[in-house]
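Each residue takes its place number in the sequence, starting with 1.
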Amino acid sequence: LAVDLPREAQGTETPVVRFRLCRVKLLDVDAKYASVKDLLDGLTNSGLIPGDKEGQVDLKVEQVKVKTKAEERTEVEVVLNETGCPVIKL
């Protein structure tokens with residue numbers, strides 16, 4: 001994943017990254033945050049977000065219980081500025 005957004009599209013606000021974990025068995029709090037570490041690093045390495053240190057990103061992780069393994073997935077949403085645009089969903 002590589003993103004080359006114009007500077008004005010990147011905004012100066014802290015980007016919001018939301019992960020929605022859809023799982024048959026829900027994770028405990030520390031495991032749910034640990035489970036998105038590699039994905040967050042990928043967003044940083046691709047240049048989509050400036051970094052994953054405190055203050056560089058507003059991280060939100062939520063869980064949704066699903067009935068079957070076939071329904072399990074991880075949804076990612078990135079909001080790059082306070083107007084809510086652009087939003088990137090993966």
Student: Does one hydrophobic cluster hold both L26 and Y33, with members joined at side-chain heavy-atom distances below 4.5 Å?
Tutor: no
Student: Can you tell if the side chain of V76 reaches within under 4.5 Å of the side chain of L43, non-hydrogen atoms only?
Tutor: yes
Student: Assigning hydrophobic clusters by single linkage (Ile, Leu, Val, Met, Phe, Trp, Tyr; side-chain heavy-atom cutoff under 4.5 Å), is L27 placed with V36?
Tutor: yes
Student: Is K60 paired with D58 through a side-chain N to carboxylate O contact shorter than 4.0 Å?
Tutor: yes
Student: Are I49 and Q56 side-chain neighbours, meaning at least one heavy-atom pair lies under 4.5 Å?
Tutor: no
Student: Could you tell me whether R23 and E72 make a salt bridge, using a distance below 4.0 angstrom between a side-chain N and a carboxylate O?
Tutor: no
Student: Should E71 and K69 count as an ion pair when the cut-off is N to O under 4.0 Å?
Tutor: no
Student: Working to the nearest 0.5 Å, report the span between CD of E75 and CZ of R20.
Tutor: 5.5 Å
Student: Quick check: closest heavy atoms across L39 and F19, and the distance to 0.1 Å?
Tutor: CB-CE2, 3.7 Å
Student: Where is the tightest heavy-atom contact between L48 and L80, given as atom of each residue plus distance?
Tutor: O-CD2, 3.6 Å
Student: Which heavy-atom pair separates C22 from V66 by the least distance, and what is that distance?
Tutor: CB-CG1, 3.9 Å
Student: I'd like to check R73 versus L21 (side-chain heavy atoms, cut-off strictly below 4.5 Å). Are they in contact?
Tutor: no
Student: Identify the heavy atoms of Q63 and K32 that sit nearest to each other, and give their distance.
Tutor: NE2-CD, 3.6 Å
Student: Membership question, hydrophobic clusters at under 4.5 Å side-chain separation (ILVMFWY): are V17 and V29 in the same one?
Tutor: yes
Student: When you check the gap from the basic side-chain N to the acidic O, do D41 and K37 get nearer than 4.0 Å?
Tutor: yes
